Each structure stands twice: as structure tokens, then as C-alpha cells.
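So the structure is just underneath, and the comments pick up after that.
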Amino acid sequence: MQFVMNAKHSIFKILFVLVAMLNYAHAEENAKKSHHYEERIIEELGMSNKIGLGVNVFAPSCGFVLLGLNDVYRKDLFETKGALPVNVEFYIQFPYLPIFAEILNTGVKGLWTYAFGFNWVAYVNHYIKVRGYLSFGGVVFPLKLKHETPGLSDVTIYDGGTFTLAADVEYKFGSLGLFGSDKHRCYFSLVGKAGITVIGLEYEDIKGFGISPFVSIGIGSFFSFYD
């Protein structure tokens, strides 16, 4: 009888040890998964601020002339040729300080600018990145003659400059690994841009200075070369 009791007691001990071992293994596996997930987030946040190449493509800007440029050209003689079909921004990102080039249509109908500048990462988390930026550029303002007029013809104004202060907001909705490595990734995002462009024109009798707020939405991609 004593032998049976000892055997039962030993079996219970073994079962208790096995259950404890399984619980420990399960807890350890969960901890590893949690740690890996945290590392993945930290890694992706790090890659969002490492060296890489990005491109954003925006729909035509919605904007208006806040100040100035109302009588910059004779509307009885000329009309604008319309806005660009898209805005495009290319950037090379260094840690927290990308430099970029862009083609941007402003709130002034028919006027667009090519610009160079730099931006900075103001905020970033697992899904959202907010970048502020400054740019300086030139203008392209094509005007079409409404009617045949002696001594006049179509004209495109290149003499002028712009200064833009704006912000990009990116919402990352996907990513994939490149070159067989999880360290090199391509991110895809919805992007929104809002800002103010200060415009100066200087061409014979067509001169003016104004301020134009604008907003644009589009899609973007970023290729991270973080290693």
C-alpha cells in the first residue's frame, strides 16, 4: 500500500514538473515573439530615418492666391495653359535630414515651380511620418494669347523665384523586403502635402509678388538602404 502511495506521489511530482516546464517554455516563446516584435518596430523606425531614396507623386495642387498676383498679366490678352497633371517630389534621405528636388504646381493657375531644398523628420512612429521642409526654386508660367494681336505672341515666363514652406504627412500602409534581406525594404504610403509658396515674377511688364497656400494628396514609396 505504501508503495502505491509513493508511486502516485511520484507521478504527481513528474506531472507537476512537466506542466511547469511547458508553461515556462510557452512563456519564453511569447517573450521571444514580443521581443522580436519590439525589435521589428524599432528597426523599422530606424530605417525610416536612415539613408534611402524616396519619390512622392501628388495630384494637382488645390490652392488659391492669398495676397498679390491678381493683376500680374493682362487677362484680356492672355490666358493660362492650365496646371501640371501631377506634382513629383524626389528625395535622398540622410538621418533625419533629407534633401530633395520637386516639380510643384501652386495655387496660381497655370504657374508651376521647380525647386530644391531640404526637409527634416519632425515626428515618426510605426505608421506615421511627418516631415517639414523648405525649398527655393524657379518659375515656369506659360501664357497663351487669346486672340491674334500684332506685336504679341504666346509667352512663357521664367524670370522669377519661389520660396516654399510646407509639411508632408505620410501614412505607411505596406512594406516589402528587397534583395533577399529584411534590412533593405521598400515602404509604400499615402502622402499629403500642405504649405505656402511665396512667388516673385519679373518679366518686362509682367511683374508681381504674391503668396499662395496649397494642399495636395498622393502616393509615395521609400527605398531604405539601412544596413
Side-chain angles (χ1 to χ4, degrees), residues 37 40-64 80-140 162-197 199 212-227:
Y37 179 71
R40 176 72 257 170
I41 291 178
I42 292 170
E43 187 176 278
E44 289 198 5
L45 293 181
M47 283 190 286
S48 295
N49 299 307
K50 296 298 182 179
I51 295 174
L53 298 174
V55 58
N56 295 326
V57 179
F58 298 89
S61 297
C62 296
F64 60 95
T80 61
K81 293 186 177 181
L84 292 173
V86 294
N87 296 333
V88 182
E89 175 189 337
F90 300 95
Y91 62 95
I92 302 174
Q93 181 168 282
F94 299 100
Y96 290 98
L97 189 64
I99 57 176
F100 70 92
E102 69 176 354
I103 298 173
L104 172 71
N105 53 46
T106 68
V108 181
K109 184 180 178 182
L111 186 150
W112 55 278
T113 176
Y114 53 94
F116 301 91
F118 67 92
N119 51 44
W120 61 96
V121 178
Y123 174 79
V124 62
N125 65 23
H126 192 44
Y127 296 103
I128 302 292
K129 184 195 291 185
V130 179
R131 296 185 295 127
Y133 77 78
L134 299 171
S135 71
F136 301 88
V139 299
V140 179
T162 63
F163 166 74
T164 300
L165 174 63
D168 279 355
V169 179
E170 303 176 15
Y171 174 75
K172 186 179 69 179
F173 61 81
S175 67
L176 56 86
L178 298 175
F179 316 121
S181 170
D182 206 34
K183 294 288 186 179
H184 309 289
R185 301 189 69 81
C186 176
Y187 297 92
F188 304 98
S189 57
L190 298 175
V191 291
K193 175 184 289 189
I196 295 177
T197 300
I199 304 164
S212 172
F214 68 91
V215 63
S216 243
I217 59 173
I219 58 173
S221 59
F222 175 70
F223 303 89
S224 172
F225 302 117
Y226 171 73
D227 195 2

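Side chains included, hydrogens not; waters and symmetry mates left out as well; all remaining heavy atoms used. If you're wondering where the values come from, they're calculated on a predicted model, not measured in any experiment.
Distance alone, capped at 3.5 Å, places no donor-acceptor pair between the Thr113 side chain and the Val139 backbone.
At a threshold of 4.5 Å between non-hydrogen side-chain atoms, the residues Val191 and Asp168 do not count as touching. Side-chain contact between Val140 and Trp112 is present, with heavy atoms from C-beta onward closer than 4.5 Å. The side-chain heavy atoms of Thr162 and Leu104, taken from C-beta on, include no pair separated by under 4.5 Å.
Residues Tyr123 and Asn125 have side chains that bring a donor and an acceptor to within less than 3.5 angstrom of each other.
Under the rule for a side-chain contact (heavy atoms from CB on, under 4.5 Å), the partners of Phe64 that lie at least two apart in sequence or sit in another chain are Leu66, Pro213. Checked against ring-ring contact (aromatic ring centres under 6.0 Å, His included), Tyr133 has the following partners two or more places apart in sequence or in another chain: Phe100. Residues that satisfy the side-chain hydrogen bond (donor to acceptor under 3.5 Å, both in side chains) test with Ser189, not counting sequence neighbours, are absent from this structure. Not counting sequence neighbours, Ser212 has no partner by the side-chain hydrogen bond (donor to acceptor under 3.5 Å, both in side chains) test. With sequence neighbours excluded, the residues that form a side-chain contact (heavy atoms from CB on, under 4.5 Å) with Phe188 are Phe173, Leu176, Cys186, Ser221. Take Glu89 and apply the salt bridge (charged side-chain N to carboxylate O under 4.0 Å, His left out) test, not counting sequence neighbours, and it matches Arg131, Lys193. Residues forming a side-chain contact (heavy atoms from CB on, under 4.5 Å) with Ile99 (at least two apart in sequence, or on another chain): Ile92, Phe94, Phe118.
For the atom pair CD1 (Ile196) and CZ (Phe163), the distance works out to 10.0 Å, reported to the nearest 0.5 Å.
Both tests hold for Lys129 against Phe222: distance to the six-membered ring centre under 6.0 Å, angle to the ring axis within 45°.
Pairing each heavy atom of Thr80 with each of Gly110, the nearest pair is CB-CA, 4.1 Å.
More than 12 heavy atoms of other residues, nucleotides or ligands sit less than 6.0 Å from atom CG of Leu134.
Sorted by first then second residue, the salt bridge (charged side-chain N to carboxylate O under 4.0 Å, His left out) pairs that include residues 107-116, not counting sequence neighbours, number zero.
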Step by step, work out the side-chain contact (heavy atoms from CB on, under 4.5 Å) result for Leu190 and Ile219. CA-CA 5 Å; Leu190 298 175; Ile219 58 173; 4.1 Å; yes

Hey, can you pull the donor-acceptor pairs under 3.5 Å for the side chains in residues 53-62, sequence neighbours left out?
from, atom 1, to, atom 2, distance (Å)
Ser61, OG, Asn87, ND2, 2.8
Ser61, OG, Asn105, O, 2.9
Ser61, OG, Asn105, OD1, 3.1
Ser61, OG, Ser216, OG, 3.3

